[in-house]
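Handing you this structure, nothing more for now.
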Amino acid sequence: MVLGDVIKRWQLLKGNSNAIFLTGTDEHGIKIQQAAQEAGMDTQAFCDMNCKTFQDLARVANISNDHFIRTTDEAHKDAVRYFWESLQHRGYIYTKKHEGWYSVSDEAFYPQSQVEPSLDPATGRKRMISTETGKEVEWSSETNYHFRLSAFKDRLLEFYEQNPKFILSKNHMRHLVKTVGDDLQDLSISRPVERLTWGVRVPGDDSQTIYVWLDALINYLTKAGYPFTPGKESELGWPADLHIVGKDIVRFHCIYWPAFLMALDLPVPRHVLVHGHWTMNRAKMSKSTGNVVNPFFAIDRFSVDIMRFFLSLRGPLSDDSNYENGNIVNDYKKYLQYGLGNVYQRLMGVTKSKFYPSIDAAKNGFGHEATENDKEFEQWLQELPSVVERFMDAFNSKAALRELMDGAMKTQNYFHRAAPWEHKDDLARVDRVIYNVSEFLRISGILLQPFMPQKGSELLDRIGVSADASKRGFAAAKYGADYEYGIVEKPVDRRQFLFPPLMVED
Ligand SMILES: *[C@@H]1O[C@H](CO)[C@@H](O)[C@H](O)[C@H]1NC(C)=O
Ligand SMILES: *[C@@H]1O[C@H](CO)[C@@H](O)[C@H](O)[C@H]1NC(C)=O
């Protein structure tokens with residue numbers, strides 16, 4: 001959610017006020033049906049409870065989602081039935097006896113070539129598992145509905161070839177092309193009601209329930225206004241520019257989903273960003289072993305912006321990342337407290353919080369020759385916004401944030417070497433340094449807003465940048481774009497640190 005939110009807020013920063021961010025909960029399927037049973041709860045009540053947790057989490061994490069969809073919403077179920085009937089109408093659905101391996105936990109079917117025997121380490125019981133996910137599979141033999149997935153092999157391969165950035169990861173893309181090229185079989189898209197009641201019934205056949213993934217994927221369309229009024233398909237944002245998915249659900253988003261859409265001649269999403277998982281003690285987080293972080297507690301302990309910062313900086317975009325409280329503390333100290341925070345603190349110290357004259361001086365040129373130190377720094381600072389932009393536009397928010405944090409270090413060095421406190425007799429020289437450091441703070445304050453909405457705007461407030469949106473958007477994040485800041489009506493007491501020492505134990 002944080003990754004999606006940072007990208008959404010980045011679009012707003014760039015002035016794209018139409019950016020739409022959808023998140024939500026996928027609530028159907030055998031896994032949920034079973035979990036509710038185990039909890040001794042009514043299935044809908046169980047879903048309501050879980051959904052509320054995610055809605056609460058979105059709120060406390062300051063997520064700016066425009067919609068929160070639940071796949072149990074009536075409008076969504078209508079969209080699913082309409083989608084099904086359209087596939088049927090076009091002849092892409094047929095019934096067949098299906099025999100094969102099914103994993104309840106993955107909600108996925110696997111061909112014989114993708115399962116293997118294994119021993120359950122806990123019980124010593126012999127069982128079959130999926131080679132890909134290691135999850136137990138069971139033999140299922142039943143008559144149900146199938147989707148003609150195999151008919152889309154060539155179209156999918158052609159689509160991947162023409163859209164090499166469909167998945168924003170070369171490894172996943174390669175794997176995908178191989179999977180589709182090797183063995184693309186038709187897909188079972190329903191289950192008998194005796195096995196699965198918790199879902200949408202197949203239109204016209206009460207004995208079958210729609211396969212949870214066909215149902216779940218359609219959520220993206222529901223909130224884009226599907227079924228579409230002819231001529232208004234793109235009105236609410238379809239096709240999506242980006243789906244953000246965990247690495248365990250790539251096949252559903254990158255094979256099944258485009259094929260379903262192609263079957264109805266609907267546009268396919270432009271990009272899929274695949275992320276890895278957080279681990280703890282290098283093992284998968286798991287509730288049953290207690291190897292898990294409660295995000296509400298973490299936000300309580302460190303604050304929402306620090307958690308957003310940490311997740312963005314360390315979040316697993318390709319491999320998995322290990323979650324450690326020690327890293328949160330260290331990253332905070334290194335990059336925020338002693339990095340960015342220190343740049344701000346020193347600027348306020350050197351100028352006694354009065355740095356507007358240096359900004360004003362910049363407007364008229366300084367009458368001072370740049371030193372090598374100035375030149376190098378100035379050139380770097382002028383390029384910083386476009387470097388950040390390139391990363392963000394490629395959905396690499398992690399690299400963008402890293403660039404800003406390295407920037408704080410660079411600015412510290414520049415400040416230190418320029419040592420304005422040693423040139424008090426050369427005011428023009430001092431002004432130039434003060435100005436350039438101020439510009440770094442202003443530019444990075446603007447660019448940090450998507451990551452840390454509160455801290456980013458607090459920094460801008462503290463250095464007196466107007467609250468006017470035009471002074472805080474991406475267009476203003478440019479050297480010399482604003483000469484009107486630096487006058488702070490009520491300067492914050494210098495001991496009130498922007499990033500105070502953390503009051504938590506490591
Ligand atoms: C630093 O100040 C000088 C003098 O105005 C200016 O030429 C230079 O571009 C500034 N650097 C940046 C990028 O802020
Ligand atoms: C949430 O984000 C908004 C900007 O969208 C910001 O003004 C606000 O302070 C943030 N809230 C918290 C609790 O950080």
Side-chain angles (χ1 to χ4, degrees), residues 1-24 52-68 237 242 244 293-315 328-329 331-332 335-337 339-341 344 388-389 392 395 397-398 400-401 404-405 441-477 482 485 488-490 492 496-504:
M1 280 202 292
V2 169
L3 191 51
D5 189 53
V6 167
I7 292 168
K8 152 86 188 296
R9 287 178 184 269
W10 168 252
Q11 289 300 324
L12 295 181
L13 197 74
K14 286 188 84 178
N16 177 8
S17 57
N18 292 327
I20 302 170
F21 175 24
L22 165 74
T23 184
K52 186 173 177 310
T53 307
F54 283 97
Q55 285 172 329
D56 289 346
L57 185 57
R59 192 171 32 77
V60 302
N62 214 354
I63 303 297
S64 65
N65 54 304
D66 301 86
H67 307 296
F68 189 102
L242 182 68
I244 300 179
V293 179
N294 180 323
F296 292 96
F297 294 170
I299 289 172
D300 257 0
R301 184 177 183 195
F302 293 107
S303 88
V304 53
D305 272 5
I306 294 178
M307 283 312 294
R308 290 175 61 108
F309 169 77
F310 171 74
L311 295 176
S312 301
L313 192 74
R314 296 268 179 177
I328 305 179
V329 174
D331 287 342
Y332 177 83
Y335 295 111
L336 297 177
Q337 189 181 349
L340 183 61
Y344 165 78
V388 169
E389 182 182 28
M392 289 302 293
F395 307 111
S397 53
K398 184 177 177 138
L401 184 57
L404 289 169
M405 290 303 116
L441 287 174
R442 189 181 67 80
I443 290 169
S444 61
I446 293 174
L447 298 177
L448 277 173
Q449 294 173 104
F451 297 92
M452 296 189 283
Q454 192 275 325
K455 279 293 171 191
S457 63
E458 183 185 344
L459 171 56
L460 296 175
D461 291 343
R462 282 184 180 229
I463 59 171
V465 173
S466 155
D468 197 291
S470 68
K471 302 276 190 184
R472 295 190 174 201
F474 181 69
D482 182 359
Y485 70 110
V488 190
E489 295 279 334
K490 268 200 235 121
V492 181
Q496 299 275 317
F497 296 111
L498 178 62
F499 293 105
L502 276 182
M503 290 301 167
V504 295

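Each ligand, and each atom within it, is numbered from 1 in the order the structure gives. In what follows, every heavy atom counts, from backbone to side chain, and hydrogens, waters and symmetry copies are set aside.
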Looking at ligand 2, is there an atom of it that comes within less than 4.0 Å of some heavy atom belonging to Gln449?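 No; Gln449 lies far enough from ligand 2 that no heavy-atom distance drops under 4.0 Å.
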Mark up the atoms of ligand 2 that fall under 4.0 Å of a heavy atom belonging to Val304, in ascending order.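 With Val304 as reference, the close atoms of ligand 2 come out as 14 (O).
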Taking atom 3 (C) of ligand 2 as the reference point, the nearest protein heavy atom with its distance: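 Looking at atom 3 (C) of ligand 2, the protein heavy atom closest to it is Asn62 ND2, 3.7 Å.
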Can we say Lys8 and Asp5 salt-bridge, meaning some charged N sits less than 4.0 Å from an Asp/Glu carboxylate O?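 Between Asp5 and Lys8 there is no salt bridge, as every charged N stays at least 4.0 Å from the carboxylate O atoms.
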Please report which non-hydrogen protein atom sits nearest to atom 5 (O) of ligand 2, along with the residue it belongs to and the distance in Å to one decimal place.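 Result for atom 5 (O) of ligand 2: Arg9 NH1, 2.8 Å.
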To which protein heavy atom is atom 14 (O) of ligand 2 closest, and what is the distance rounded to 0.1 Å?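 Ranked first by proximity to atom 14 (O) of ligand 2 is Gln454 CB, 3.3 Å.
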Look at atom 7 (O) of ligand 2 and say whether a protein heavy atom is found at less than 4.0 angstrom from it.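 No.
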Selection residues 449-476 - residue pairs positive for ring-ring contact (aromatic ring centres under 6.0 Å, His included), sequence neighbours left out: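 For residues 449-476: Trp10-Phe474.
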Could you tell me whether Asp461 and Arg472 make a salt bridge, using a distance below 4.0 angstrom between a side-chain N and a carboxylate O?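 A salt bridge links Asp461 with Arg472.
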Before accepting this row, confirm whether a basic side-chain N of the pair Asp305/Lys455 lies closer than 4.0 Å to the acidic partner's carboxylate O.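 Between Lys455 and Asp305 there is no salt bridge, as every charged N stays at least 4.0 Å from the carboxylate O atoms.
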Heavy-atom closest contact (Ile306 atom, Ile328 atom, distance):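 Answer, listing the atom of Ile306 first, then Ile328: CG2-CG2, 4.1 Å.
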